[in-house]
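A quick write-up on the structure given underneath.
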Amino acid sequence: MTGLLIEARALTMRWFWHLKREPYNIFFTLTQPMIWLLLFGNLFERAREMPGFPSGTDYLTFMTAGVVVMTVLGNGMAGGIPLLFDRENGFLEKVLATPANRGSILLGRIFYIVAMTLAQTLLMLAVAYLMGVRVRAGLPGVGMILLISLLFTIGLAVVSLTLAFSLREHGSFFAIIGVLSLPLFFLSSALIPLNLVPNWMRAAAMLNPMTHAIDASRSLILSGWDWRLLGRAFGYIAAFDLAMFALCYRRLTRPLL
Amino acid sequence: MTEPLVVVRSLVKSFGPVRAVDGLDLTVFPGEILGLLGPNGAGKTTTIRVLVTLVAPDAGQVTVAGHDVSRSPRDVRRAIGYVRQEISVDPYLSARENLWVYGRLFHIPGPTLKSRIEELLTLVELSDRANERVRQFSGGMKKRLDIACGLMHRPRLLILDEPTLGVDVQTRHRIWDYVRLLWEREGITVLLATNYLDEADRLSSRVVIVDRGKVVASGTPEALKAEVGGDVISVRLASESSGEGLLERLRAMPQVGHAFIAGGQIHIHASHSEKLIPEIMRAAADLRVAIEELAYRKPSLDEVFLQHTGRQLREG
Ligand SMILES: Nc1ncnc2c1ncn2[C@@H]1O[C@H](COP(=O)(O)OP(=O)(O)OP(=O)(O)O)[C@@H](O)[C@H]1O
Ligand SMILES: [Mg+2]
């Protein structure tokens, strides 16, 4: 176990060293969520005039949780991309020829993605704060939003990594990631409250862990602590994470090359 | 005799219809530099990939340092330093970072790792470029870094898969020097796959020649070349079609050990070439075939390969 952690830590360092040499990547990783906030906040500003929209809320405040979780989705789903390159340039094979546990490849990447996601989430909440959004549940609420992001991003990263381990062609990888991401995003409560969408969509959205991540985060921002919503979110996300880990474990026990 | 470090028995590995390795036997003893010599597609890389546990064998037994590759792959990997045929450094890291990450995968503790990295950078002459991003390195520099990675954990066995493929002459000689140095200083055992004759000849203490997934000959370079017998004369005729007649005449001569046509030339193995050459000229004149080129030299591993397979290792 400690061996696995030593290896995973080394591979996590490797990703941070990559980032260090990619100033554009840092810049866009950090600015992209702010752009989402600005765009969505203004684009749908009049959505709150719709009947059924939580009263007394401006759209930006409503949207903040959606943008946070959407960024988590994007981060997690893109998490496997560098592994496609590792397979191509032989680095993966080189690692597989060392005594290192292959789980360290997965874990090293997850550590990095989690760190990036937490930094982005925090930054987004800070920017939203400057734009007037207040988290009703206060600083502990911010901590809780971070925890939700962290747990959700792990499952998403595992999906992406499993796909990267399984698909040789970059084209197929991006196609599948696209096909998976769209329904996850649109069949969720990211953009509008679910009481404003058709029944079938609401039913589908309720099965989507993303919806629960958003609803829990949103309630922390709009109204404070709602333990029922939080409990449901953790339940769904934990189930999602475990299921994805099981899939990935199966993949890792078979040949990777 | 000492316990062998690598034992391969009747190894078979197919990829779909392609039998990459077809009943190969190989033994590597501690302290030797074993040259695995063979043409493109002979199955060298596949054999190595089985040895380093990246590919599972279809049949046969493979043990490295006493560990079976299928049953205890981790122990096998711990014993081996593997340098792939293709460059496989991380281009986004510096040379030093590459070595650090690789060393940590072997759990080398911090202070030891630090000094080991400096030692290896010095060995492969990259100390002054150690903090540069590897992407801007030349091919030869990347290769040297790859070799340094392979040496990181002081493996008992270093496996080099065509270490000088695609590098310039200067780098090739440097790489040969590193291998010799390690062998002399640390007594490391080396398994070297190559399709360069001179590399196998100059570097190996023993050569195993493989072709089409099988071993066709093995021995020290000297012994293999001695087996060819005497000198090698090759004759290129103005028109290839008339070669058969001359070949027959040559085969009848008592000094000729072995004569055959390959690659558009007649090859003759003979004990006393200085006496034979005038006779070849005379026979050609009798038969009215024009000789375009006649060359004579001491046998190289090329002749050894030719003798065992009827083909040249390299065309042209
Ligand atoms: N992963 C693979 N999938 C399909 N065929 C393969 C694979 N690896 C090797 N082969 C085939 O197996 C045969 C032996 O290949 P191998 O790479 O072992 O040869 P080699 O002796 O290393 O050649 P070279 O000198 O060109 O490196 C070739 O015909 C090759 O096409
Ligand atoms: Mg090869």
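Below, chain A is the first sequence line, B the second, and so on; all start at residue 1.
For R78(B) against P99(A), the heavy-atom pair with the smallest separation is CG-CG, 3.5 Å. Nearest heavy-atom pair across R21(A) and Y92(B) is NH1-O, 3.1 Å. Shortest non-hydrogen contact noted between R84(B) and N89(A) is NH1-O, 4.4 Å.
Highest contact tally toward chain A, considering only L54(B), V55(B), I87(B), is held by L54(B) [criterion: heavy-atom pairs under 4.5 Å]. When N101(A), V95(A), L256(A), L92(A) are compared by the number of non-hydrogen pairs under 4.5 Å with chain B, N101(A) comes out ahead. Chosen from V52(B), N98(B), D90(B), the residue pairing most often with chain A at heavy-atom distances under 4.5 Å is D90(B). When the candidates E7(A), K20(A), M13(A) are compared by the number of heavy-atom contacts under 4.5 Å with chain B, E7(A) comes out ahead.
Proximity to chain A involves both the backbone and the side chain of E97(B), based on heavy atoms less than 4.5 angstrom apart. Of the atoms belonging to L96(A), heavy atoms from both backbone and side chain fall under 4.5 Å from chain B. Neither the backbone nor the side chain of D75(B) comes within contact range of chain A; no heavy atoms are under 4.5 Å apart.
Around the CH2 atom of W36(A), the shell of radius 6.0 Å holds no more than 12 heavy atoms that belong to other residues, nucleotides or ligands. Around atom CD of Q136(B), more than 12 heavy atoms belonging to other residues, nucleotides or ligands sit under 6.0 Å away.
Here T98(A) contributes atom OG1 and R77(B) contributes atom CZ; the two are 7.0 Å apart, rounded to the nearest 0.5 Å. In this structure, CH2 in W17(A) is found 10.5 Å from CZ in R96(B), a value given to the nearest 0.5 Å. Atom CD1 in I6(A) sits 11.0 Å away from atom CD1 in I108(B) (nearest 0.5 Å).
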Evaluate side-chain contact (heavy atoms from CB on, under 4.5 Å) for E93(A) paired with Y82(B), printing each intermediate quantity in order.
CA-CA 10 Å; E93(A) 182 168 318; Y82(B) 170 46; 3.2 Å; yes
For the pair L93(B) and F91(A), evaluate side-chain contact (heavy atoms from CB on, under 4.5 Å) and give the outcome as yes or no after the intermediate values.
CA-CA 12 Å; L93(B) 299 185; F91(A) 196 86; 5.6 Å; no
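Panel note: side chain R104(B), backbone A10(A); no donor-acceptor pair is recorded below 3.5 Å.
For the pair K94(A) and Y102(B), the cation sits on the ring face: its NZ or CZ lies under 6.0 Å from the ring centre, inside 45° of the axis.
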